[in-house]
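Okay, so here's the structure we're looking at.
In the text below, chain A, chain B and the rest are named by the order of the sequence lines, each starting its count at 1. All values derive from a computational prediction rather than experimental measurement. When reading the values below, keep in mind they use all heavy atoms of this one structure, side chains included, and skip hydrogens, waters and symmetry mates.
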Protein chains: 2
Amino acid sequence: MTDTVISSASKEVVIGFDRPFVIIGERINPTGRKLLAEEMKNGDFSRVESDTLAQVAAGAHMLDVNAGIPLADEPAILAQAIKLVQSLTDVPLSIDSSIIEALEAGLAVYEGKALVNSVTGEDEVMERVLPLVAKHGAAVVAISNDETGISEDPDVRFEVARKIVNRAADHGIPKADVVVDPLVMPIGAMRTAGRQVFRLVRRLQDELGVNSTCGASNVSFGLPNRAGVNGAFLAMAIASGLTSAITNPLESEIMQSIRAADVLTGNDADCAKWIKQYREPVPEGSSARRRENRRRGASST
Amino acid sequence: MTDTVISSASKEVVIGFDRPFVIIGERINPTGRKLLAEEMKNGDFSRVESDTLAQVAAGAHMLDVNAGIPLADEPAILAQAIKLVQSLTDVPLSIDSSIIEALEAGLAVYEGKALVNSVTGEDEVMERVLPLVAKHGAAVVAISNDETGISEDPDVRFEVARKIVNRAADHGIPKADVVVDPLVMPIGAMRTAGRQVFRLVRRLQDELGVNSTCGASNVSFGLPNRAGVNGAFLAMAIASGLTSAITNPLESEIMQSIRAADVLTGNDADCAKWIKQYREPVPEGSSARRRENRRRGASST
């Protein structure tokens with residue numbers, strides 16, 4: 001049992017082995033979104049606002065916020081985006097940047113316990129990011145690559161993850177606050193990409209006892225019907241032990257797959273969430289509808 | 001590596017760990033299909049014919065044939081159904097009955113190496129079914145329950161599977177010809193039903209080295225949006241080691257999930273089947289379409 005608690009000023013989300021899967025909305029990210037990048041650079045955050053509301057309405061438990069725009073003042077833009085998003089929703093955030101100053105600026109304005117995305121196994125990166133994470137009492141996403149690059153061998157990536165967990169401990173960060181990203185490669189380019197992740201997340205849970213997350217959409221890069229691949233990938237990764245993912249909650253197929261996986265791991269008690277989401281509408285005037293009305297009346301809701 | 005080879009007079013299907021998942025069409029089964037039962041009993045096999053063609057067209061690699069109709073001459077009807085199905089398609093069959101005389105009648109007319117569905121771990125059943133399987137050189141589905149019933153403990157079910165594999169060996173049936181059914185219970189009734197299956201199929205592959213199959217649809221009994229649950233269940237079971245399933249190939253969500261799982265286990269080489277199935281149509285007159293036409297012309301197809 002390893003519970004990773006992330007919070008906003010008023011709400012906690014827990015990532016854990018025997019808990020419902022945690023969905024971190026990926027949309028607030030200008031990478032590959034030219035229009036959003038241009039708008040954010042010019043101080044127009046209307047799309048950040050609509051992406052926030054839409055993802056939370058679709059069922060995201062957390063939101064990732066990234067402001068990686070070339071030739072822009074990323075620390076200032078990221079801090080501004082985080083303040084805006086926290087004014088709109090109480091779901092906790094993942095503060096996403098590869099620039100230490102941007103992470104600093106984001107953490108400085110964040111209310112609650114953030115998830116810092118991310119640290120790698122590179123010494124220089126660990127020594128800059130981990131003290132910042134420790135200072136703010138945050139949690140951190142640990143990406144399982146280091147100076148030697150991304151190994152195709154999941155057992156090498158496991159050792160990188162172990163190294164980061166140990167280094168985090170040196171900085172006073174408990175392993176419950178390290179969420180490992182096994183790194184998802186495109187299956188179209190690397191036939192073993194799926195099996196690598198399944199093997200790695202299983203070892204992360206069984207041997208290292210840490211939670212995991214991943215950028216799930218990457219697996220289907222270049223393929224048609226990407227949501228179909230992403231949905232199956234998430235179900236398979238959850239069966240292997242994945243406990244959260246940064247993905248697109250606006251894709252109904254992905255959300256259905258995650259909800260079904262929660263049912264099948266036994267983490268949707270009495271299948272209550274599934275039944276509520278997918279219950280067939282009861283026709284007006286039917287005896288089932290009358291029973292339903294009586295039931296609702298009886299429980300006085 | 002354990003390859004279970006099933007064949008018709010002219011076609012082989014191989015169930016194995018590093019092979020595409022084998023889909024056994026479940027539709028030719030009068031259980032719970034009143035109209036089909038009535039028709040088959042009266043010698044009308046038109047629906048068996050249409051179910052055969054539709055399932056093969058939808059991508060079934062094998063078909064299960066069951067003629068379990070109360071108060072009917074099951075051996076005669078099963079033999080007749082098998083002859084008819086084999087006259088319509090060359091996909092290999094699973095001969096499905098709990099009555100030994102029906103299995104005998106089915107095997108007597110079957111051309112090729114059939115999959116006999118099924119034997120349990122009950123002594124009396126093993127001693128009647130296994131000699132028949134051995135005599136015909138068939139393969140057999142081993143259901144992991146015995147005289148004591150169906151255990152909720154997957155490790156007890158594993159021991160039942162081991163007992164059947166050993167008993168089959170006593171009858172000269174190699175373990176490659178024993179395909180274990182872990183028994184899928186409804187998740188709505190038993191919260192651990194999914195985890196039980198995932199754990200059991202993993203042990204079946206890792207420790208016993210046998211292939212597995214299951215009646216996948218049972219898991220969603222009583223729930224809304226059953227195809228959504230079944231699709232995620234199959235992807236998760238495949239990630240855990242399941243190598244075939246008796247399911248409904250006419251459900252496009254189930255087929256998509258299995259095809260995606262093949263991509264993600266690396267068993268759809270170059271994602272070729274996935275791309276062929278889900279490639280976006282290229283608009284007429286577009287430059288992409290012109291390139292496509294040139295490509296097709298060049299490869300002279």
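Contacts of A237(A) with chain B are absent, with no heavy-atom separation under 4.5 Å from either backbone or side chain. Of the two parts of Q277(A), neither the backbone nor the side chain holds a non-hydrogen atom closer than 4.5 Å to a non-hydrogen atom of chain B. Within the 4.5 angstrom heavy-atom criterion, no atom of V197(A) approaches chain B. Of the atoms belonging to R259(B), not a single heavy atom falls under 4.5 Å from chain A. Only the side chain of F198(A) comes within less than 4.5 Å of a heavy atom in chain B; its backbone stays farther off. Proximity to chain A (any heavy atom under 4.5 Å) is shown, for A261(B), by both the backbone and the side chain. Both the backbone and the side chain of I187(A) come within less than 4.5 Å of a heavy atom in chain B. For A189(B), no part lies near chain A; criterion is any non-hydrogen pair under 4.5 Å.
Taking both residues in full, the closest heavy atoms of M236(A) and T265(B) are given as CE-CG2, 3.8 Å, listed atom of the first, atom of the second, then distance. Counting all heavy atoms, side chain and backbone alike, A260(A) lies closest to G228(B) at CB-O, 3.9 Å. Taking all atoms of both residues into account, the shortest heavy-atom contact from G266(B) to R191(A) is O-NE, 2.5 Å. Considering all non-hydrogen atoms of both residues, A232(B) and A235(A) come closest at O-CB, 4.1 Å. Closest approach of N225(A) to W274(B), counting heavy atoms only: O-CZ2, 3.4 Å.
If you tally non-hydrogen atom pairs under 4.5 Å between each of N230(B), I258(B), L223(B), I238(B) and chain A, the highest count goes to L223(B). No other option in V229(A), N267(A), V219(A) has as many heavy-atom pairs under 4.5 Å with chain B as V229(A). Across G194(B), S257(B), P224(B), the residue that shares the most heavy-atom pairs under 4.5 angstrom with chain A is P224(B). Between chain B and the residues A193(A), A269(A), G231(A), the largest count of heavy-atom pairs under 4.5 Å involves A269(A).
Remark: R202(A) CZ to S240(B) OG distance equals 6.5 Å, nearest 0.5 Å. The CD atom of E253(A) sits 7.0 Å away from the CD atom of E253(B) when rounded to the nearest 0.5 Å. Distance CG/L264(B) to CG/L234(A): 9.5 Å, rounded to 0.5 Å.
Residue F221(B) qualifies as open at atom CZ: its count of foreign heavy atoms under 6.0 Å is 12 or below. Counting non-hydrogen atoms of other residues, nucleotides and ligands closer than 6.0 Å to CG of D270(A) gives a total of 12 or fewer. For CD of E152(B), the number of neighbouring non-hydrogen atoms (other residues, nucleotides, ligands) closer than 6.0 Å is 12 at most.
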